[in-house]
Amino acid sequence: MGNSNEAQILAFDPSGSGDREQKELREHLRMVEAIVFASSDPVSVRALEERLPEGVELEPLMRELQQAYSGRGINLVRVGNNWAFRTADDLGFLLQREAVENKKLSRAALEVLAIVAYHQPVTRAEIEEIRGVSISRGTLDVLMETGWVKMRGRRRTPGRPVTYGSTEEFLDQFGLEEIGDLPGLEELKGAGLLRSQMPANFMIPEPHDADELNEDEDPLTTDDLEELGLLPPSGE
Amino acid sequence: MGNSNEAQILAFDPSGSGDREQKELREHLRMVEAIVFASSDPVSVRALEERLPEGVELEPLMRELQQAYSGRGINLVRVGNNWAFRTADDLGFLLQREAVENKKLSRAALEVLAIVAYHQPVTRAEIEEIRGVSISRGTLDVLMETGWVKMRGRRRTPGRPVTYGSTEEFLDQFGLEEIGDLPGLEELKGAGLLRSQMPANFMIPEPHDADELNEDEDPLTTDDLEELGLLPPSGE
Amino acid sequence: MVNTKTKLNKQDAQNLAGLWEEDTVERRLDEPQLKVDVNGYEGPLDLLLDLARRQKVDLAKISILALAEQYLVFIEEARKLRIELAADYLVMAAWLAYLKSRLLLPPEQEDEEEMSGEEMAALLAFRLKRLEAMRDAGTRLINRNRLGRDFFARGDPEPIVIEQHREYTASLYDLLTAYASQRQRLSVSHVTIAKREVWSLQEAREILIRLLGNFSEWTALDSFLLSYLPDGSQRNTALASSFAATLELVKEGKLKVRQEAAFAPLFLKSTKTRESGTIATEG
């Protein structure tokens with residue numbers, strides 16, 4: 001293949017001294033390149049032709065572009081009668097390696113998370129009281145899985161309910177230096193997140209996440225953890 | 001410009017007889033190209049560096065790639081500390097069918113957005129001082145919802161008011177490499193119009209959205225406080 | 001009667017068409033002689049800026065005195081027509097009345113500490129310029145090429161997660177929104193807000209600080225403020241709460257007050273350093 005000529009086109013050399021035809025060619029290449037790039041589906045030959053100036057032949061254009069992308073990190077590929085960009089086959093490993101699916105937290109999980117953060121240490125029953133609805137199974141599990149919520153201890157009340165609190169990773173995730181940086185009542189109002197007129201008895205706690213347990217909290221024991229399924233049973 | 005040598009790199013000439021160094025360079029270019037191309041969101045420098053073999057310098061690679069794509073239908077652009085491929089500005093007319101409905105901002109919201117961008121980090125009270133009215137409920141809320149404005153931290157002054165700043169999505173949305181590229185920024189600075197206070201001997205704060213905070217701001221990102229022994233006293 | 005032109009000139013209107021939500025109250029170009037109407041203004045600075053624009057001169061060359069007079073006429077008209085004005089507008093009127101007196105009358109006594117009328121006017125001009133600059137900046141910003149409108153991201157991204165290994169994402173904003181809205185949902189929702197009968201002068205002062213920065217120099221304002229307060233019995237309560245509020249602020253060390261003689265204007269000055277409780281009232 002004519003290497004010299006090719007290279008010039010591939011680089012789309014803007015200072016290119018090419019004649020008018022060359023310039024037009026470059027412009028048409030730019031156009032199809034952008035269209036295929038921005039499209040959410042492979043682009044049909046017809047759709048491309050429609051958007052090019054009349055009389056421009058598509059086929060040689062696409063082959064030129066395909067040639068330009070061959071050997072690169074992305075390739076222009078033909079899918080049936082359509083065109084699309086795809087990562088070069090041999091680089092797939094770059095994309096697969098950490099292909100972890102990013103999930104959004106459900107609304108309910110966000111609410112529970114926020115309550116844990118503001119009201120910690122807090123028990124499941126207390127969370128339900130604040131929310132006014134019961135927590136579906138799994139919501140707390142999901143939050144523990146995120147690493148943002150942890151079990152702190154057990155409340156020294158009948159039933160010894162587990163208390164929940166936020167973690168260091170929680171602060172990290174939300175860009176907080178300390179839990180006290182969560183905005184208070186006035187700031188939530190100021191940011192427009194709360195109505196400015198709230199009942200006089202409406203309170204937002206000043207959150208604190210000290211590792212030190214409250215007076216009415218007992219530490220979690222190994223037995224507790226096993227019971228909660230957080231540790232594999234040890235005594236076989 | 002050394003056309004021959006440069007063009008060869010730009011073209012990723014697969015038959016290239018270049019020495020080993022050249023081949024490596026080409027391979028690294030392919031890698032970053034593939035990664036950035038695969039994502040629709042800007043990809044952080046850190047993420048790119050993680051994918052490259054150790055010791056490979058990213059900056060020259062990106063410059064090389066940016067150069068290769070200049071003048072083409074797709075450009076490699078820097079967005080804060082990230083890189084992204086975006087279609088060339090002049091080709092928007094071709095892509096109208098890809099256009100998404102942009103959320104429309106009220107006049108007040110736009111004004112607040114501009115103040116946050118040009119005066120950041122800025123507190124709510126400072127925004128109000130500039131506009132001469134209190135911010136109506138929902139204005140900051142709407143801006144945070146767009147993802148263009150975020151809470152940055154708290155000013156280390158009495159009351160520790162929350163400071164607001166712009167985000168990387170803001171840069172991406174308006175095609176800015178960095179906050180210093182805001183239109184007219186230098187002029188405004190020169191005219192002293194970015195001062196928050198009147199007295200002439202006051203320092204002129206330069207707007208910046210860097211994660212590094214102002215002297216009078218409390219840092220948001222935590223180093224490992226625990227390791228440094230700076231965590232609140234634990235139980236015993 | 002005051003002529004009010006539309007706030008956006010034709011050029012702006014064209015530039016902005018479709019770019020932002022229209023204000024709910026839109027005044028049209030062809031609207032004839034318009035009554036005093038503060039609807040659609042974003043506060044007193046906005047109104048002042050609009051009045052200034054009508055002088056059709058560079059903000060740097062504008063006559064602040066003339067501007068103050070226009071504003072005061074505007075407010076007087078509004079009061080005559082019994083148009084209810086927000087406190088911000090009235091407080092600004094009081095300050096402009098004060099400014100006007102300072103600009104017109106030669107200083108009675110040389111007071112090094114007191115800000116001169118010219119300095120006060122410069123301060124106002126600066127604030128107007130700054131606001132206009134921000135407004136222009138907003139327009140330039142919104143007129144830039146925008147992602148998803150003028151330039152585009154890859155339409156068909158390939159599955160790749162490059163950022164943290166975290167499986168879950170949420171922003172601080174998501175978190176706070178969730179918390180605030182659910183707490184709000186459960187809070188007693190039928191709160192009726194009694195329409196405020198009177199705004200205290202402390203409130204007025206807060207507005208003033210927002211409008212004009214701190215009283216870094218001795219400022220006599222109360223008498224002017226009073227003349228723009230709502231009429232009738234409310235004035236008495238306002239006066240009382242004003243004085244109480246002032247003393248409160250003095251006690252907190254935020255304000256100093258000075259009075260030359262009984263019934264003379266009350267001068268206010270903010271304490272930057274911590275000279276708690278420096279009361280310099282005489283008479």
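All values below come from the heavy atoms of this structure, side chains included, with hydrogens, waters and symmetry mates left out. Within every chain, numbering begins at 1; the chains are lettered A, B, ... in the order of the sequence lines, protein sequences first and strands thereafter.
- Remark: A:Glu187 engages B:Arg154 in a salt bridge, criterion side-chain N to carboxylate O under 4.0 Å.
- Ion pairing between a basic and an acidic side chain is recognised when a charged N comes within 4.0 Å of a carboxylate O; A:Glu59 and A:Arg63 show such pairing.
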Derivation of the side-chain contact (heavy atoms from CB on, under 4.5 Å) call for A:Val32 and A:Leu58: CA-CA 9 Å; A:Val32 289; A:Leu58 188 70; 4.0 Å; yes
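- Within the 4.5 angstrom heavy-atom criterion, no atom of A:Glu186 approaches chain B.
- The choice from B:Ile135, B:Leu140, B:Thr139 that makes the most heavy-atom pairs within less than 4.5 Å of chain A is B:Leu140.
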Side-chain donor-acceptor pairs of residues 41-52 of chain A under 3.5 Å, sequence neighbours excluded:
{"from": "A:Ser44", "atom 1": "OG", "to": "A:Ala47", "atom 2": "N", "distance (Å)": "3.0"}
{"from": "A:Arg51", "atom 1": "NH1", "to": "B:Leu94", "atom 2": "O", "distance (Å)": "2.6"}

Salt bridge (charged side-chain N to carboxylate O under 4.0 Å, His left out) between A:Glu33 and A:Arg30, intermediate numbers included: CA-CA 5 Å; A:Glu33 189 178 34; A:Arg30 291 182 77 231; over 6 Å; no
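- Salt-bridge annotation for A:Arg155 and A:Glu217: absent, with no side-chain N of the basic residue lying under 4.0 Å from a carboxylate O of the acidic one.
- Look at A:Glu24 and A:Arg20 and you find a salt bridge, because one of the NZ, NE, NH1 or NH2 atoms lies within 4.0 Å of a carboxylate O, short of that distance.
- Using a 4.5 Å heavy-atom cut-off against chain A, the contacting residues of residues 85-92 of chain B are B:Phe85, B:Arg86, B:Thr87, B:Ala88, B:Asp90, B:Leu91.
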